[in-house]
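See below for the structure under consideration.
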Amino acid sequence: EVQLQASGGGLVQAGGSLRLSCVVSGFSFDDYAIGWFRQAPGKEREGVSCLSSVDDITYYADSVKGRFTMSSDNAKNTVYLQMNSLKPEDTAVYYCGAVSMHYLYGNSWSNAHEYDYWGQGTQVTVSS
């Protein structure tokens, strides 16, 4: 059974940091890349970052480049999103999802509709 379990959200002041975790099971990092998305109230789900462990490539949305870092611990089947210098506009529910490597090659990592599996969200709230 495929499962993604996201955690680590919380309330933080602007300029602060949080680290989100996504524990995965039921599939291999060889076959799927893991992406982080977020969705604020009234807005569409947007891509934040995506990590392909097979070729060690990480993608970031322009809005988070230089502030967020994605990494993985394959032995723990866990992917992390380190979020620094948080801003109020980063407030959203954050989701981790899995996208097939077959799709990812030659296509955009940030198309949420192409992700096959999703974890439950974790709320991140950044106060000003």
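Only this structure's heavy atoms are used, side chains among them; waters, hydrogens and symmetry mates stay out.
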> Could you give all pairs that pass the salt bridge (Lys or Arg N to Asp or Glu O under 4.0 Å) test and reach residues 64-81, with sequence neighbours left out?
Replying inline: Asp62-Lys65, Arg67-Asp90

>> If you compare all heavy atoms of Ile34 against all heavy atoms of Cys96, which two are closest, and at what distance to 0.1 Å?
In response: CG2-CB, 4.4 Å

> If you take all heavy atoms of Val79 and Phe29, which pair is closest and at what distance?
Replying inline: CG2-CZ, 3.8 Å

>> Is it the case that the side chains of Ser7 and Gln5 hold a donor-acceptor pair, with the cut-off being a distance below 3.5 Å and no angle test?
In response: no

> Going by distance alone, is a donor N or O of one side chain under 3.5 Å from an acceptor N or O of the other, for Asp55 and Ser52?
Replying inline: yes

> Parallel under 30°, tilted from 30 to 60°, perpendicular over 60°: which one fits the rings of Trp118 and Phe37?
Replying inline: perpendicular

Ignoring hydrogens and geometry, is there a side-chain-to-backbone donor-acceptor pair from [X] to [Y] under 3.5 Å?
| X | Y | answer |
| --- | --- | --- |
| Ser72 | Asn74 | no |
| Tyr32 | Tyr117 | no |
| Ser49 | Tyr59 | yes |

Rounded to the nearest 0.5 Å, how far does [atom2] of [Y] lie from [atom1] of [X]?
| X | Y | atom1 | atom2 | value |
| --- | --- | --- | --- | --- |
| Leu81 | Thr122 | CG | OG1 | 11.0 Å |
| Thr125 | Leu86 | OG1 | CG | 10.5 Å |
| Thr58 | Met70 | OG1 | CE | 7.0 Å |

>> Distance to the ring centre below 6.0 angstrom and angle to the axis at most 45 degrees; does that hold for Arg19 and Tyr80?
In response: yes

> Should the pair Arg45 and Tyr95 be classed as cation-pi, given the thresholds of under 6.0 Å to the six-membered ring centre and 45° from the axis?
Replying inline: yes

> Are Tyr115 and Tyr103 close enough, and set up right, to give a ring pair (Phe, Tyr, Trp, His ring centres under 6.0 Å), and what steps lead you there?
Replying inline: CA-CA 9 Å; Tyr115 280 65; Tyr103 167 79; 7.8 Å; no

